[in-house]
Protein chains: 2
Amino acid sequence: MSLAPLFRPIDVAPAYQKVADAIEREIVNGRIKPGDPIGTEHDLVRQFGVNRSTIREGIRVLEEGGLISRDSSRRLHACLPRYSKLTSRLSRALVLHEVTFRELYEASMTLEVASIEGAVERATEENLAELADNLLRSEAVVGDAAALAECDAEFHVLVAKASQNRVLQLAREPAAQLFYPTTEMIVTGVAEGGPRLVAAHRHLIDAIRRRDSEAGVLWTRRHLQDWRRGFEKIASLDRSVEHMYMEHAQAARRR
Amino acid sequence: MSLAPLFRPIDVAPAYQKVADAIEREIVNGRIKPGDPIGTEHDLVRQFGVNRSTIREGIRVLEEGGLISRDSSRRLHACLPRYSKLTSRLSRALVLHEVTFRELYEASMTLEVASIEGAVERATEENLAELADNLLRSEAVVGDAAALAECDAEFHVLVAKASQNRVLQLAREPAAQLFYPTTEMIVTGVAEGGPRLVAAHRHLIDAIRRRDSEAGVLWTRRHLQDWRRGFEKIASLDRSVEHMYMEHAQAARRR
DNA sequence: TTCGTCCCTTTGTCCGACAAAGTTAATGAC
DNA sequence: GTCATTAACTTTGTCGGACAAAGGGACGAA
């Protein structure tokens, strides 16, 4: 028979990890608020009683997690993790897991429909203004595939924002980051692509303004189906997301 | 007038960042495959021609991003980023952004319904076996709130897995990580909670087996509404997610 | 073969150092 | 007194070297 568990496993995390955990705890607990300065590396050396190299390794961990960052003068301060930074990690993971466009399409269909429903229900005047502004800019660049694709991506971010649901905003982001880069290829390849895209956006804004949920859902579906039809002219939906999208995401992250 | 752009901005990233980027590129490009060993720190010192401290900072960045990890003997190797590790970062972000339970509830409603629809359509026998096994274990611990809550969380992970859609699996995870810890409180507080939860799971498995999408969606809705009713007996849906959940997530991450 | 021992490698941590860039304070001009 | 300039100090990024602890491998003994 086995002995009764007298001892709990002891915590033997390396020092840099303990440093990172300690700072993380303070931030998550709210004792350090977003924007608050963390000390200099030398301060932390004194407080934790470990070497500066060790502190620096801990800092890298937190920095990568988006919990702290350095301002223009490279001083450390806590910050609210930006979704886009975190979700680019997830997009990368999806690429490495070789997910297919079919998976992206299906998930996006769900997430974008949910976004528009939320937006129809709760969009503010400010949200509508942002969307209208985006539409104007889209119409101006309807001939430029790259610029239009960027506008399209922003449009859907704005719709999600208008849903006032940050969980949804965050959940749709990894898929969107992989999904929308293809838009450029499609708009380039399909003659009617650009105008149809802008028309769909117009109908979506209209639906939000009229609080017409059915129309919103309908046009979101059509919009995505347009994407799908365009994509299938180029490649199979069952192809896995390619590494080229990763490069796109990398460039975006650095921006 | 301004001069024509003769020069592109030069890349002045710190060395540790360049090291991390270089290794990341190789992994994402597929030249280093998951499981492949990265060299020792000393190897990397030689290859990159920088100091070991610099290499180590770069390694911390990649490690935190889930792209590389150390095996039992602490040697470095590339790996497929685990969703759960990455999404715990997102959960943390949601806590810091002080999202409300209403947002979690609404998003989860969408995501779990999509999961069950996928599962009904595409679940394999193996998926069903896993779900059945989970149900058995749930029934065995129906009186133990903590154990039951854990089973519930696993159940929904398995449903998402059965949908065969990894994008969906990933998208639902951050919300689920914050959502399901409350299950324990609810099962404890509401007398009928445990049995109702297990009954819902039974109906869901049944719906998947019979490929009955409507029943699946119906019972998912009921299941979530049960959660909501239980939760509202304890607190307002508009309360922001508390820091206590963060601690829960931290403990889980360390496991 | 299996076990234990010795040696080498690797990691985690420490110390001290320095150049570059930023910050602060003091200085001088108006 | 205000503003610009310079000098002194601080902080970061990087480097070199060092050492203890733990792991892995080779070697020989039972």
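Each chain gets a letter, A, B and so on, in the order the sequences are listed, and its residues count up from 1. The figures here come from the full heavy-atom set of this structure, side chains too, leaving out hydrogens, waters and symmetry mates.
- Between the P atom of D/dG23 and the NE2 atom of B/H42 lies a distance of 22 Å, rounded to the nearest Å.
- Minimum atom distance to the side chain of A/Y16 is reached by C/dT13, of the listed C/dG12, D/dT14, C/dT13.
- In terms of phosphate contacts, A/R60 brings a side-chain nitrogen or oxygen within less than 4.0 Å of OP1 or OP2 of D/dG13.
- Classification of B/K33 and B/D36 as a salt-bridged pair fails, no side-chain N sitting under 4.0 Å from a carboxylate O.
- In this structure, the side chain of B/E103 engages the main chain of A/R166 through a donor-acceptor pair within 3.5 Å.
- Residue A/S73 places none of its side-chain N or O atoms closer than 4.0 Å to OP1 or OP2 of C/dA21.
- One interatomic measurement links the two molecules: CD1 of B/I38 to C1' of C/dT10, which rounds to 16 Å at whole-angstrom precision.
- Applying the 4.0 Å criterion to OP1 and OP2 of C/dA21, one finds that A/R74 has every side-chain N and O outside that range.
- Distance, A/I59 CD1 to D/dT12 P: 7 Å, rounded to whole Å.
- Between A/E41 and A/R56, at least one side-chain N (NZ, or NE/NH1/NH2) sits under 4.0 Å from a carboxylate O, which counts as a salt bridge.
- Across the protein-nucleic acid pair, A/K18 atom NZ and C/dG12 atom P stand 14 Å apart, rounded to whole Å.
- At least one donor-acceptor pair closer than 3.5 Å links the side chain of A/H97 to the backbone N or O of B/P81.
- Between A/I55 atom CD1 and D/dT14 atom P the separation is 18 Å, expressed in whole Å.
- Nucleotides of DNA chain C nearest to B/E41 and A/S53 differ in position, and the one nearer the 5' end is that of B/E41.
- Rounded to a whole Å, the NE2 atom of A/H77 is 16 Å from the P atom of D/dT11.
- Residue A/R75 places its side chain closer to D/dT11 than to any other of C/dT10, D/dT11, C/dT13.
- If you take CZ of B/R52 and C1' of C/dT9, they are 11 Å apart, rounded to a whole angstrom.
- You'll find that the side chain of A/R70 is closest to D/dT12, out of D/dT12, C/dT11, C/dC14.
- OP1 or OP2 of C/dC14 has at least one side-chain nitrogen or oxygen of A/T54 nearer than 4.0 Å.
- Summarising the geometry, the separation between CZ on B/R56 and P on D/dC15 is reported as 15 Å, rounded to the nearest angstrom.
- When the side-chain nitrogen and oxygen atoms of A/N51 are compared with OP1 and OP2 of C/dC15, one or more of them lie within a distance under 4.0 Å.
- Note: A/W227 and A/Y105 have parallel aromatic rings, judged against thresholds of 30 and 60 degrees for the angle between ring planes.
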